[in-house]
*Asks:* 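Can you keep this structure in mind? I'll have questions shortly.
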Amino acid sequence: MFIMRGKNMENIYKETMFILKKYNIAASKSLGQNFLIDDNVVEKIVNSAEIDKEDLIIEIGPGLGTLTKEMLDKAKKVIAVELDKRMLQILNERFKLYNNFEVINEDILKVNLNEIIEREKNTQNIKNVKVVANLPYYITTPIIMKLLEDKLDIKTITVMVQKEVAKRLTANPGKSKDSGAITYSVNYYCEAQEVVTVPNTSFIPEPEVESEVIKLTLRNKPPIEVEDKELFFKLIKLSFMQRRKTLINGISNGNLMDKDKFRQVLNKIGLPENVRGENLTMQDFANIAKELQ
């Protein structure tokens, strides 16, 4: 689905320009800020997140609070994690009448989300925890990986990212040219789906590329069994560090095993010696990891 710019952007655009003028601020290039000004996109994000009154929402990088405003009326509580100190006054003044809003001035990569979630579940009537964010392009992958690897008690992650990154996050590992190392990580932890493509005209300032909203639904258990998860993901990482090379060369260059021994492993599990990592399924990598053990 592609959203066209039109009169539906007028309300948020005027509101955004008013706030920027009132507080005399502009988007920070160093923080990768692009303010969303499209009502349709905001509605699509909020609806896709399926927010209800038993949900705790963790919003990453709320900025001026465009998404926050819509979620506060639907959620039990919204905790916004914002790095830019300039936004604190705006958010606190804008939502001072809401008793279900909290803002944390911190780098999301340094926040102990497990601690926050446990605290809220112990003190509030919280059923599900969901993450919603319009992520800065430059730090998308580290944030996604933190959310997945920290083993958080969350149900879904609904985020807007660069379209090119969205294709990698939602690709079918081993069966798509868009696959990358992160594709396998996301697929191991989540079921991923594309929600909507967002043109660059939906932001001010306009980014150079299109964006896409995706939704990640955390799995109850991984789709495959992996005995040594660390080795499994190390294999995947090495295979994509030099993706034009064969898997044998990638593994040997990573000093994990010499070529001859690794060739024997591939032969044993029935994979061709010239196979590349991007052509392997999750199960293929799991089989290799099992043999290497």
Side-chain angles (χ1 to χ4, degrees), residues 1 3 8-9 11-16 18-20 33-84 87-106 108 111 113 116-117 119-121 123-136 140 143-144 146-147 152-161 166 190 193-196 198 202-204 211-218:
M1 180 178 177
I3 291 182
N8 284 319
M9 296 176 66
N11 292 335
I12 293 184
Y13 174 77
K14 287 183 177 180
E15 183 179 64
T16 300
F18 172 80
I19 293 172
L20 293 176
Q33 287 176 342
N34 301 95
F35 300 124
L36 182 60
I37 55 169
D38 193 322
D39 292 63
N40 282 334
V41 178
V42 171
E43 182 180 5
K44 191 70 177 178
I45 293 172
V46 174
N47 288 343
S48 297
E50 300 180 284
I51 302 168
D52 64 40
K53 282 297 182 182
E54 293 182 299
D55 290 341
L56 166 65
I57 304 300
I58 297 175
E59 184 183 7
I60 303 170
L64 304 177
T66 302
L67 273 173
T68 318
K69 176 184 176 184
E70 301 302 318
M71 295 190 294
L72 281 169
D73 291 328
K74 295 177 176 290
K76 177 74 174 180
K77 185 173 183 179
V78 176
I79 297 179
V81 182
E82 175 58 62
L83 179 61
D84 189 353
M87 302 298 160
L88 299 185
Q89 181 183 359
I90 296 172
L91 293 168
N92 283 320
E93 290 184 1
R94 189 173 185 183
F95 305 122
K96 63 183 177 182
L97 297 181
Y98 287 85
N99 60 9
N100 62 335
F101 175 70
E102 178 184 344
V103 61
I104 298 172
N105 179 213
E106 184 59 270
I108 186 62
V111 174
L113 292 175
I116 291 172
I117 292 170
R119 179 196 72 195
E120 294 300 320
K121 283 207 163 188
T123 58
Q124 305 277 345
N125 183 25
I126 301 295
K127 183 178 180 181
N128 294 309
V129 182
K130 300 171 181 177
V131 174
V132 179
N134 174 14
L135 296 179
T140 296
I143 292 177
I144 293 290
K146 172 186 172 63
L147 295 175
L152 304 172
D153 183 12
I154 56 178
K155 185 175 182 181
T156 60
I157 303 169
T158 306
V159 291
M160 180 148 51
V161 299
C190 310
Q193 67 184 90
E194 298 176 76
V195 176
V196 64
V198 184
S202 294
F203 304 88
I204 53 170
S211 302
E212 187 153 351
V213 179
I214 64 171
K215 183 176 181 179
L216 309 178
T217 302
L218 277 292

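Just the heavy atoms: all of them, side chains too, but no hydrogens, waters or symmetry mates, feed the values below. Note that the coordinates shown come from a computational prediction; the quantities given were computed from them, not determined experimentally.
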*Asks:* Can you measure from CG (L88) to CD (E93) and round to the nearest 0.5 angstrom?
*Replies:*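 Going from the CG atom of L88 to the CD atom of E93 covers 11.0 Å.
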
*Asks:* Closer than 3.5 angstrom, by distance alone: can the side chain of K215 be matched with the main-chain N or O of S48 as a donor-acceptor pair?
*Replies:*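 Yes; judged by distance alone, with no hydrogens or angles, the pair exists.
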
*Asks:* Taking E212 for the side chain and V195 for the main chain, is one N or O donor matched with an acceptor at less than 3.5 Å?
*Replies:*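 Side chain of E212 to backbone of V195: no pair is present.
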
*Asks:* Could you walk me through whether L216 and L147 satisfy the side chain to side chain contact (heavy atoms under 4.5 Å, CB included) test, starting with their C-alpha distance in whole Å, then the side-chain angles of each, then the deciding distance to 0.1 Å, before giving a yes or no?
*Replies:* CA-CA 11 Å; L216 309 178; L147 295 175; over 6 Å; no

*Asks:* If I take atom CD1 from residue I126 and atom CD from residue E54, how far apart are they, to the nearest 0.5 angstrom?
*Replies:*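 Answer rounded to 0.5 Å: 8.5 Å.
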
*Asks:* Calculate, to the nearest 0.5 Å, the distance between atoms OG and CG belonging to S211 and D38 respectively.
*Replies:*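 With rounding to 0.5 Å, OG (S211) is 11.5 Å from CG (D38).
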
*Asks:* Give me the one residue out of V78, V46, V41, I57 that meets side-chain contact (heavy atoms from CB on, under 4.5 Å) with L67.
*Replies:*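 Exactly one pass, corresponding to V46.
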
*Asks:* Within this structure, what is the CD-CD1 distance for the pair E82 and I104, rounded to the nearest 0.5 Å?
*Replies:*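 CD1 of I104 is found 11.5 Å from CD of E82.
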
*Asks:* Looking only at non-hydrogen atoms, find the nearest pair between C190 and L218 and report the distance.
*Replies:*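 Closest heavy-atom pair between C190 and L218: SG-CD1, 4.0 Å.
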
*Asks:* Taking side chain as C-beta onward, heavy atoms only, is K76 less than 4.5 Å from K127?
*Replies:*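 No, side chains not in contact.
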
*Asks:* Could you check I108 against L113 for side chain to side chain contact (heavy atoms under 4.5 Å, CB included), going step by step and ending with a plain yes or no?
*Replies:* CA-CA 9 Å; I108 186 62; L113 292 175; 4.1 Å; yes

*Asks:* Please say which of L36, I37, L20, L91 ends up in a side-chain contact (heavy atoms from CB on, under 4.5 Å) with L64.
*Replies:*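 Going through L36, I37, L20, L91 one by one, the side-chain contact (heavy atoms from CB on, under 4.5 Å) with L64 is satisfied by L20 alone.
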
*Asks:* Is any side-chain heavy atom of I143 closer than 4.5 Å to a side-chain heavy atom of V159?
*Replies:*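 Sidechains of V159 and I143: no contact.
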
*Asks:* Can you tell me how far CG of N34 sits from CE of M160, rounded to the nearest 0.5 angstrom?
*Replies:*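 Interatomic distance, M160 CE to N34 CG, rounded to 0.5 Å: 9.0 Å.
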
*Asks:* In Å, rounded to the nearest 0.5 Å, how long is the span from CG of L152 to CD1 of I58?
*Replies:*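 CD1 of I58 is found 7.0 Å from CG of L152.
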
*Asks:* Between N100 (side chain) and L72 (backbone), is there a donor-acceptor pair under 3.5 Å?
*Replies:*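 Side chain of N100 to backbone of L72, a donor-acceptor pair under 3.5 Å: yes, one is there.
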
*Asks:* If you measure from the Lys or Arg side-chain nitrogens to the Asp or Glu carboxylate oxygens, is any gap between E102 and R119 under 4.0 Å?
*Replies:*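 Here E102 pairs with R119 in a salt bridge, since their nearest N and O are under 4.0 Å apart.
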
*Asks:* Check the pair D73, Y98 against side chain to side chain contact (heavy atoms under 4.5 Å, CB included), reporting the backbone distance first and the verdict last.
*Replies:* CA-CA 9 Å; D73 291 328; Y98 287 85; 3.5 Å; yes

*Asks:* Say whether, by atom type as modelled, one donor and one acceptor occur between the side chain of K121 and the main chain of V129 under 3.5 angstrom.
*Replies:*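 Judged by distance alone, no pair lies under 3.5 Å.
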
*Asks:* Which pair of heavy atoms, one from V81 and one from V111, lies closest together, and at what distance?
*Replies:*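 Residues V81 and V111, closest heavy atoms: CG1-CG2, 3.9 Å.
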
*Asks:* Any ion pair linking K69 and E15 (charged N to carboxylate O, less than 4.0 Å)?
*Replies:*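 A salt bridge is present here (some side-chain N lies under 4.0 Å from a carboxylate O).
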
*Asks:* Under the side chain to side chain contact (heavy atoms under 4.5 Å, CB included) criterion, do F35 and T66 qualify, and how do the steps go?
*Replies:* CA-CA 8 Å; F35 300 124; T66 302; 6.0 Å; no

*Asks:* With a 4.5 Å heavy-atom cut-off, do F95 and V103 have their side chains touching?
*Replies:*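 They are not in contact (no side-chain heavy atoms under 4.5 Å apart), so the answer is no.
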
*Asks:* So which heavy atom on Q33 is nearest to which on D84, and how close?
*Replies:*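 Closest approach of Q33 to D84: NE2-OD2, 2.9 Å.
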
*Asks:* Could you tell me whether the side chain of V213 reaches within less than 4.5 Å of the side chain of K44, counting heavy atoms only?
*Replies:*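 SC-SC contact between K44 and V213 ruled out.
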
*Asks:* Keeping the roles fixed (side chain from D52, backbone from K74), state whether a donor-acceptor pair exists under 3.5 Å.
*Replies:*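 Judged by distance alone, no pair lies under 3.5 Å.
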
*Asks:* Counting only heavy atoms from other residues, nucleotides and ligands, does the tally under 6.0 Å from NZ of K146 exceed 12?
*Replies:*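 More than 12 within 6.0 Å, yes.
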
